[in-house]
Participant: 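Handing you a structure now.
Here, residue 1 is the first one in the sequence, and each next residue gets the next number. Worth knowing before you read on, the calculation uses all heavy atoms, side chains too, and leaves out hydrogens, waters and symmetry mates.
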Amino acid sequence: MRALLQRVTSAQVRVDGEVVGRIDPTDRGIPHGLLALIGVTHTDTDTTARAMAEKIWRLRILDDERSAADLSAPILVVSQFTLYADTRKGRRPSWSAAAPGPLAEPLVEAVTETLRQLGATVAGGRFGAHMQVELTNDGPVTIMLEL
């Protein structure tokens with residue numbers, strides 16, 4: 001499983017012009033939240049998803065080396081199969097390392113649900129939909145996690 005984390009001051013995702021997920025940490029008096037783009041591969045399991053959620057929640061990339069857990073910072077989770085693009089050959093990416101929807105969707109949901117169980121305020125995109133993601137990356141801080 002891969003996650004591309006971005007420290008944000010705001011983020012939202014739209015599907016067909018409708019906002020389906022939004023975080024604005026400043027609404028809660030917090031300077032930052034996280035946008036977590038999640039990619040799933042064939043060997044990932046519920047255990048992987050839970051471990052990824054823990055890592056996202058506790059990673060100290062917010063102000064003063066604090067984590068989302070420390071600040072109760074909101075997290076926007078968006079599925080992103082393109083994190084498993086293989087571009088080593090030719091000019092067309094291969095997506096064969098990305099898990100198919102029936103495997104990936106419940107694991108992305110497991111990341112989201114585990115974050116909620118840990119105490120996170122979580123918003124999300126819509127699995128498999130064509131989405132427009134808007135964000136204000138702060139720093140910029142962008143971190144790739146891989147489990």
Side-chain angles (χ1 to χ4, degrees), residues 1-63 65-86 93-147:
M1 184 170 284
R2 291 179 178 161
L4 184 69
L5 294 183
Q6 295 183 301
R7 184 175 72 185
V8 299
T9 56
S10 65
Q12 68 179 13
V13 60
R14 294 178 186 268
V15 175
D16 296 328
E18 174 192 354
V19 175
V20 297
R22 175 184 176 274
I23 63 168
D24 188 346
T26 59
D27 286 349
R28 305 175 70 185
I30 302 168
H32 303 107
L34 295 174
L35 170 62
L37 304 173
I38 307 292
V40 179
T41 193
H42 303 279
T43 56
D44 290 333
T45 64
D46 282 333
T47 301
T48 312
R50 286 191 302 275
M52 182 61 80
E54 279 276 351
K55 186 76 166 180
I56 291 167
W57 185 233
R58 304 217 185 275
L59 193 66
R60 294 167 35 173
I61 61 171
L62 301 180
D63 275 353
E65 296 185 3
R66 292 182 289 179
S67 68
D70 295 332
L71 298 173
S72 297
I75 302 169
L76 178 62
V77 175
V78 177
S79 63
Q80 186 77 39
F81 78 93
T82 60
L83 291 178
Y84 277 98
D86 182 350
S94 168
W95 312 113
S96 61
L103 173 63
E105 185 173 11
L107 294 177
V108 172
E109 184 54 39
V111 169
T112 302
E113 185 54 36
T114 301
L115 284 166
R116 285 190 180 111
Q117 291 169 1
L118 292 168
T121 300
V122 182
R126 188 171 298 153
F127 191 90
H130 182 88
M131 296 177 268
Q132 290 81 44
V133 180
E134 300 172 28
L135 66 130
T136 303
N137 188 322
D138 186 65
V141 174
T142 302
I143 308 281
M144 177 66 84
L145 302 176
E146 189 161 12
L147 298 179

Participant: If you compare all heavy atoms of Val8 against all heavy atoms of Ala11, which two are closest, and at what distance to 0.1 Å?
Facilitator: CG2-CB, 4.2 Å
Participant: Would you indicate whether the side-chain heavy atoms of Glu18 and Asp16 approach each other to under 4.5 Å?
Facilitator: no
Participant: Under a 3.5 Å distance rule, please check whether Thr41 uses its side chain to pair with a backbone N or O of Thr43 as donor and acceptor.
Facilitator: no
Participant: Measuring from Arg58:CZ to Ile56:CD1, what's the distance to the nearest 0.5 Å?
Facilitator: 12.5 Å
Participant: Among Leu4, Ile38, Leu5, exactly one meets side-chain contact (heavy atoms from CB on, under 4.5 Å) together with Leu145. Which residue is that?
Facilitator: Leu5
Participant: With side chains defined as the heavy atoms from C-beta onward, is the minimum distance between Met144 and Leu83 less than 4.5 Å?
Facilitator: yes
Participant: Check this for me: does any side-chain nitrogen of one of Asp27 and Arg22 sit under 4.0 Å from a carboxylate oxygen of the other?
Facilitator: yes
Participant: With side chains defined as the heavy atoms from C-beta onward, is the minimum distance between Ile75 and Ile23 less than 4.5 Å?
Facilitator: no
Participant: Less than 4.5 Å apart, any side-chain heavy atom of Glu113 and any of Gln117?
Facilitator: yes
Participant: Could you measure the distance from the CZ atom of Arg60 to the CZ atom of Arg66? Nearest 0.5 Å is fine.
Facilitator: 11.0 Å
Participant: How long is the gap from CD on Gln6 to CG on Leu37, to the nearest 0.5 Å?
Facilitator: 6.0 Å
Participant: State, to 0.1 Å, how close Leu118 and Trp57 come at their nearest heavy-atom pair, and which atoms those are.
Facilitator: O-NE1, 3.5 Å
Participant: For residues Met52 and Asp44, determine if any side-chain heavy atom of one lies less than 4.5 Å from a side-chain heavy atom of the other.
Facilitator: no
Participant: Looking at Arg50, is its backbone amide N or carbonyl O close enough to the side chain of Asp46 to form a donor-acceptor pair, meaning the two atoms are under 3.5 Å apart?
Facilitator: no
Participant: Mark yes or no for whether Arg28, through its side chain, and Pro25, through its backbone, hold a donor-acceptor pair below 3.5 Å.
Facilitator: no
Participant: Any side-chain hydrogen bond (donor to acceptor under 3.5 Å, both in side chains) pairs touching residues 69-84, not counting sequence neighbours?
Facilitator: Ser67-Asp70, Gln80-Thr82
Participant: Without swapping roles, check the side chain of His42 against the backbone of Ser96 for a donor-acceptor pair under 3.5 Å.
Facilitator: yes
Participant: Is there a side-chain contact between Thr48 and Leu107, using heavy atoms and a 4.5 Å cut-off?
Facilitator: no
Participant: Counting heavy atoms not belonging to Arg116, are there more than 12 under 6.0 Å from its CZ?
Facilitator: yes
Participant: Does any part of the side chain of Asp24, heavy atoms only, come nearer than 4.5 Å to the side chain of Gln12, both counted from C-beta?
Facilitator: no
Participant: Counting only pairs under 3.5 Å, give me each side-chain donor-acceptor contact of residues 29-36, with atom names and distances, residues two or more places apart or in other chains.
Facilitator:
residue: His32; atom: NE2; partner: Asp138; partner atom: OD2; Å: 2.6

